[in-house]
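One structure is given here, and the rest of the page talks about it.
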2 protein chains.
Amino acid sequence: MTEPPHAVDPVQLGAYFALVEVSDLLRYAIEQQLREAGGLTFVRFQILMRLRLSPTGSHRMTDLADAIVHSRSGLTYQAGLLEKAGLVARAPSVDDERGVTLTITEAGRALVARVLPGHEEVVGQMLFEPLSRADAQRLADLLGPVRDHMRAAPPRSGRARRRRT
Amino acid sequence: MTEPPHAVDPVQLGAYFALVEVSDLLRYAIEQQLREAGGLTFVRFQILMRLRLSPTGSHRMTDLADAIVHSRSGLTYQAGLLEKAGLVARAPSVDDERGVTLTITEAGRALVARVLPGHEEVVGQMLFEPLSRADAQRLADLLGPVRDHMRAAPPRSGRARRRRT
DNA sequence: TCTACTTGCTTCGAGTTCGAAGCATAGCTA
DNA sequence: TAGCTATGCTTCGAACTCGAAGCAAGTAGA
């Protein structure tokens with residue numbers, strides 16, 4: 001006799017609830033700050049950040065969608081808005097005519113530079129004020145492997161993972 | 001001379017990014033399961049769960065909105081859907097004529113009972129498979145205080161917190 | 001190289017979210 | 001108790017999200 005495969009015990013339940021609440025509250029606070037500071041949403045901010053962190057300042061649409069855990073159609077929409085605002089440039093990918101490569105513009109970099117300090121302040125206050133440096137390290141050590149596991153594992157047993165459209 | 005008040009160091013950044021990714025990936029997996037198992041969204045599931053966990057099976061709208069970190073207008077919308085589906089009942093609060101109390105119905109309880117095993121399985125697989133029991137305890141111990149801090153603290157220095165509408 | 005399958009992105013429609021504004025009830029202060 | 005402010009919820013419009021379907025370009029096998 002073995003245990004049911006993936007029952008959730010009370011401790012796990014507490015961790016799960018706390019995780020959901022913390023991420024929702026954090027996201028809400030972040031959205032407020034970004035909106036006041038630069039008229040950005042969190043999704044758009046994440047796109048700009050990912051582009052900015054890239055050495056080339058660019059990413060393919062699909063890679064970006066996976067990175068920020070967003071549907072491809074939703075990313076198309078957001079890319080359109082960012083392009084219209086002059087914050088990114090869209091161009092067909094060089095090696096694959098189907099692909100679209102997004103590149104952050106100077107205006108995009110400037111906007112990120114403008115909102116980033118306030119963003120860090122919110123994250124610092126909301127998430128890290130109650131955590132010591134060692135706590136932050138522990139949190140990263142716990143969640144890093146979880147993220148890798150989630151990215152690797154097929155979400156439902158057996159069946160193939162459907163990619164988002 | 002003191003440090004900048006809330007700069008984010010690389011370790012914190014890693015924890016922050018992992019937290020955002022983990023919660024997004026988890027939410028996506030949960031949404032899939034709930035939809036397949038019972039035509040529910042995560043928001044509706046959270047509402048039903050909160051009601052079910054209450055001794056009375058009821059909650060006021062505002063309390064519910066705060067609990068699940070949702071706008072009041074959004075909750076009104078969802079409550080309407082749940083009521084139409086016969087999963088909750090809406091009634092004016094007894095002690096405050098303005099208030100609305102949501103109560104889970106038997107059909108609501110039945111639906112929760114039906115989708116909960118699969119839900120726990122997804123959470124167990126996605127979130128807790130890479131974590132030992134001690135890890136889960138550590139995660140809860142880290143995130144619990146963070147949640148309490150977020151719920152207590154005014155999000156922006158000085159200014160009064162605007163409540164969601 | 002023709003055909004069939006895959007992949008990358010966009011378009012589309014339906015559903016969901018939010019904040020602002022509106023309305024009704026409560027509560028407080030003079 | 002009259003009037004002011006605060007609170008609880010809903011309505012409304014605009015914005016955003018998703019999956020399905022569609023189209024174009026790559027890829028692999030005969």
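This is a predicted model, so every value here is computed, not measured.
For the pair A:H70 and D:dC18, the criterion of a side-chain N or O lying under 4.0 Å from OP1 or OP2 is met. Not one side-chain nitrogen or oxygen of A:R35 sits closer than 4.0 Å to the OP1 or OP2 atom of C:dC18.
The nucleotide whose nearest atom lies closest to any side-chain atom of B:S73 is, among D:dC18, C:dG19, C:dT25, C:dG19. Set against C:dA21, D:dC18, C:dT17, the side chain of B:T165 has C:dA21 as its closest nucleotide. The side chain of A:R72 has C:dT10 as its nearest neighbour among C:dG19, D:dT10, C:dT10. Comparing D:dC9, C:dT25, C:dG8 against the side chain of A:D96 picks out C:dG8 as the nearest. Checked against D:dG8, D:dA25, D:dA15, the side chain of A:E97 finds its nearest nucleotide in D:dA25. For B:T76, the side-chain atoms get nearest to D:dT11 when compared with the rest of D:dG8, C:dG19, D:dT11. Checking C:dG19, D:dC16, C:dT10 against every side-chain atom of A:V100, the shortest atom distance belongs to C:dT10.
Along DNA chain D, the nucleotide nearest A:D95 and the nucleotide nearest A:G74 are compared for position; the residue whose nucleotide lies closer to the 5' end is A:G74. Judged by closest nucleotide on DNA chain D, A:V69 is the one of A:V69 and A:R98 placed further toward the 5' end.
Remark: the backbone N or O of A:G86 is paired with a side-chain donor or acceptor of A:T105 at under 3.5 angstrom. Side-chain N or O atoms of B:S58 include none that pairs as donor or acceptor with a backbone N or O of B:S54 at under 3.5 Å.
Summarising the geometry of A:E120 relative to B:V8, their closest heavy-atom pair is O-CG2, 3.5 Å, with the distance given to 0.1 Å. Nearest heavy atoms, A:L143 versus B:L19: CD1-CA, 3.7 Å.
Residue-level contact check: A:L64 touches neither bases nor backbone, having no heavy atom under 4.0 Å from any strand. If you check every strand for non-hydrogen atoms under 4.0 Å, A:L102 touches nothing.
One can place CZ of B:R60 at 13 Å from P of D:dT7, the figure rounded to the nearest angstrom. Residue A:E31 contributes atom CD, which lies 12 Å from atom C1' of D:dA15 at whole-angstrom precision. Distance NE2 (A:H59) to P (C:dC9): 13 Å, rounded to an integer number of Å. With rounding to whole Å, B:Q78 atom CD is found 9 Å from C:dG15 atom C1'. Whole-Å rounding puts the A:I68 CD1 to D:dT17 P distance at 9 Å. Between B:Y77 atom OH and C:dA14 atom P the separation is 13 Å, expressed in whole Å. Taking atom CG on A:D66 and atom C1' on C:dT7, their separation rounds to 13 Å, with Å as the unit. Going from atom CZ of B:R27 over to atom C1' of D:dC18 covers 15 Å, rounded to whole Å.
Ring geometry, B:F42 versus B:H119: the interplanar angle falls under 30°, so the pair is classed parallel (tilted spans 30 to 60°).
The pair A:D135-A:R138 counts as a salt bridge, with a side-chain nitrogen and a carboxylate oxygen less than 4.0 angstrom apart.
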